[in-house]
Amino acid sequence: MYQYDTHDQALVDQRVAQFRDQVDRRLAGELTEDQFKPLRLMNGLYLQLHAYMLRVAIPYGTLSAPQMRVLAHIARRYDRGYGHFTTRQNIQYNWIRLADAPDILADLATVGMHAIQTSGNCIRNVTADPWAGVAADEVEDPRITAEILRQWSTLHPEFSFLPRKFKIAVTGAASDRAAIKVHDIGLRLHRAEDGAIGYEVLVGGGLGRTPVIGKTIRAFVPRQDLLSYLEAILRVYNLHGRRDNIYKARIKILVDALGIDVFRQQVEAEWATVREGALALPDDVVAAIAAHFAPPAHEAGAGSVADAIEAAPDPALARWIRANVAPHKVPGYGIVNVSLKATDQPPGDATASQMDLLADLADRFSLGEIRVTREQNLVLPHVRLADLPALWAALDAAGLGTPNIGLISDIIACPGLDYCALANARSIPLAQALTRRFADMDRAQEVGELHVNISGCINACAHHHVGHIGILGVDRRGEELYQVTLGGRADTDATLGTVVGPAVSAERAVDLIAGFVETYLAIRHPGERFIDTVARVGTAPFKETFHAAA
Amino acid sequence: MARKLAADTPRVVTANRLVDGVVVYRTAGGIWSPRLHRALVVREQAAVDRLLAVCRGDVTGCEVVDLQVIPVQPDPAAGPRAISQREAIRAAGPTIALPVDRPVPTAAPLF
Amino acid sequence: MPLLEDGRSVADPWIAGTDGQPVPDTGPVLVPLERLRAENAALTARGAPLGVALPNDAEVSDLIALLDGDVNRLDLITLTLPAFKDGRAYSQARQLRETHGYRGRLRAVGEVLRDQLAFLARCGVDAVEIDHPDAEALWRAAVGEIDAVYQPTGDGRTPIPALRRHISPARREDAA
Ligand code: SF4
């Protein structure tokens, strides 16, 4: 894992001091709210419905056990004993006092963490494949790239006042688990014919009001040119992105207005001016960062996840391994996904005690590492298959053993109107109702992979456009209603879902989804996932469900 | 969503406390209370404007931020109640049971 | 409004050559971009320092073309920050300094706030108009607040990745 050196630490410590001074000036009345708001937003501090919300960056979703303990400490000391893991691989605290924020940042800095650029119109925390470094299908650990980008983008003097926020995702694997096609910039690591590592660069993807699948702007950018190429893209966007209308300010709108070819020409012209400059990445700099992500010392082992299922003494354990444990690139190990989607649990929430336990379990069973996923779950990436029974027992006793990863009750939901000042409708109660309806885990496994995503407004924090079943909360004359889409996906074949039928009440939405599942079970071909069936037959048979339920 | 309110709609002034973000309402006594039912209800636009002018002083004075006027359901006995779902949630908190930080069993010793 | 150059408070010798007014024969004159376009030859023939106010939606390349490729015919360029959130001037500044080698004064005007100064300086801005009773102290405090930087820009500061390369492997060990 990346360890801060004295330089990284100095920057974060100074940033804490700077923010402490800004908060002091605000509380003393030297700054008005209009002046202070952009400053607090640059440190991830929002004013929500009930209190301030602090979003803490978890770079590319990787945490060490000591970092997780500090997250638990913050939940306990400054909040109400829990936190919320987000689809951006970050954590949010919902009940923060402005006056405490500098102390919280100081506590975070002790373990090399911060809230820099978790909001505001800047380059946001870079996200990556949560199985980075352990997945079998990987060209290279994407966290090497993500860390290079973290450093380059942190307090970037030119790109801190962009037209709008800017999100970058990186994958190093053939199968995309970082949703790179729905980010402002998506990077896919791959090798050129001569074996050199570089990037396919996608641009202009994004969700929100105008969902767009990103387009390839360059099929291969050599590694040493990555930063100069991105700087060129950002500069064209900073100069030409719209600033007159917040809904048209994302880079996707600029790319769409110019067309990808003209946009590409502008980027290439700008790139020509910076490519030979100081941003070129020397091999030794990359190597020094890569050294931080060198694979840890795994013990020699044997066996596969399938063997572990076979050997499980308890059917409940076998069921959990089947749903939650993925193959690791090293024999004898597995990638353990920890579900934060127990029945009735607000999706992505974890209590301080659960966080502490996970830190202990990471130390004991996962070489001290934890990951946060886009699906709002956690991962213990390096678990010996032989340890699965003991790990499962400990997780299960703490309410963390739900065997539903990727299944219908593994619902992705934003905080919605229960917390969020921008919301139109609540997300969490609907998610909870669905987890109760689909609480039978054996049946959920029979239904198979099915992603349900619920956003409380068009900002799409829960990525509903790319949920197999997407749900968007809307406000119709004071009534909370939910619009349903089908057929979205965020993977390698990213697709936007199609709206089916008019918006419905929360109760109707639960019935409808149950109806969709019935329809799917009735018409699926052997081995076909829900999303494959929708791709094969379209939405028409499901629309009938809609009418039947009416 | 801000909608045009009828001229004599009963309204209260709400804000968030600067120091901790807590939702507060302006009372008849001129203080900021976290309880909506204590809020001063005003109806005429002129009265609303006068109240807002006073409250703006507390924005300048860094006591509160994000002043808003919201329509309410008056009730002389129990005090005003929120009309919109959003304001009901601001007044009463999330509609869900919040996670409770119960102790969890620590992992069994390895040996 | 107080004017700072390199962090020091100075008097502003520049005369605004606004449209319609005749340009004086001597002394430094600051004209809008459009006036440079219209009176390019006459302004150049003056033989006295010339400055241009570059609007923040203007293309830097357009200005360079007007100057026949020689941006150093100018002694002053002003960049506009119409609002805290509008960051176009930062890119214009780096294009002028780093792409086109501009060596004259680069002044930020408009809504310049303390919390922008460090970023502006990093992008090559060396003069600001800022409304503050002790502007010099403000500049010092703001620009020095964070002295570790990751990005190479034209300001000459050594970014962290370069600092790391110059420490020996042994030092790197104990830094880690
Ligand atoms: S999708 Fe809307 S309601 Fe949900 S967290 Fe995002 S902004 Fe808030």
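The contact between B:Thr95 and chain A is made by backbone and side chain atoms together, counting heavy-atom distances below 4.5 Å. Contacts of A:Gln345 with chain B are absent, with no heavy-atom separation under 4.5 Å from either backbone or side chain. For a residue to count as touching a neighbouring chain, one of its non-hydrogen atoms must lie under 4.5 Å from one of that chain's; by this rule A:Glu480 touches chain B with the side chain only. Using a 4.5 Å cut-off between heavy atoms, A:Leu400 makes no contact with chain B at all. Contact of A:Arg426 with chain B is made through the side chain alone, with heavy-atom distances under 4.5 Å. When heavy atoms are compared at a cutoff of 4.5 Å, A:Leu47 approaches chain B solely by way of its side chain, counted from C-beta outward. At a 4.5 Å heavy-atom cutoff, the contact between B:Pro103 and chain A is made by backbone atoms alone.
A:Leu417 contributes atom CG, which lies 11.5 Å from atom CZ of B:Arg90 (distance to the nearest 0.5 angstrom). With values rounded to the nearest 0.5 angstrom, B:Gln85 atom CD is found 8.0 Å from A:Asp418 atom CG. Separating the CG atom in B:Asp101 from the CZ atom in A:Arg80 is a distance of 13.5 Å, to the nearest 0.5 Å.
The neighbour count for B:Arg38 CZ, taken as heavy atoms of other residues, nucleotides or ligands under 6.0 Å away, does not exceed 12.
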(request) Could you check B:Val22 against A:Trp95 for side-chain contact (heavy atoms from CB on, under 4.5 Å), going step by step and ending with a plain yes or no? (result) CA-CA 9 Å; B:Val22 165; A:Trp95 304 95; over 6 Å; no
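Comparing A:Pro429, A:Ala352, A:Gly399 by heavy-atom pairs within less than 4.5 Å of chain B, the highest count is held by A:Ala352. Of the residues considered (A:Gln432, A:Arg97, A:Arg76), A:Arg97 shows the highest number of contacts with chain B, using heavy-atom pairs under 4.5 Å. Contacts with chain B were tallied for A:Glu33, A:Glu479, A:His50; A:His50 has the most, counting heavy-atom pairs under 4.5 Å.
Scanning all heavy atoms of the two residues, the minimum distance from A:Gln354 to B:Val104 falls at CG-CG1, 4.2 Å. Here the closest non-hydrogen pair linking A:Pro346 and B:Ile96 is CG-CD1, 4.2 Å.
Using a 4.5 Å cut-off between non-hydrogen atoms, the part of residues 44-73 of chain B that approaches chain A consists of B:Cys62, B:Val65, B:Asp66.
A:Leu98 has its side chain out of reach of B:Arg17: every pair of non-hydrogen atoms, C-beta onward, lies at least 4.5 Å apart. Looking at heavy atoms from C-beta onward, B:Arg102 lies out of side-chain contact with A:Thr351 at the 4.5 angstrom threshold.
Formation of a donor-acceptor pair under 3.5 Å by the A:Tyr52 side chain with backbone atoms of B:Leu18 is found in this model.
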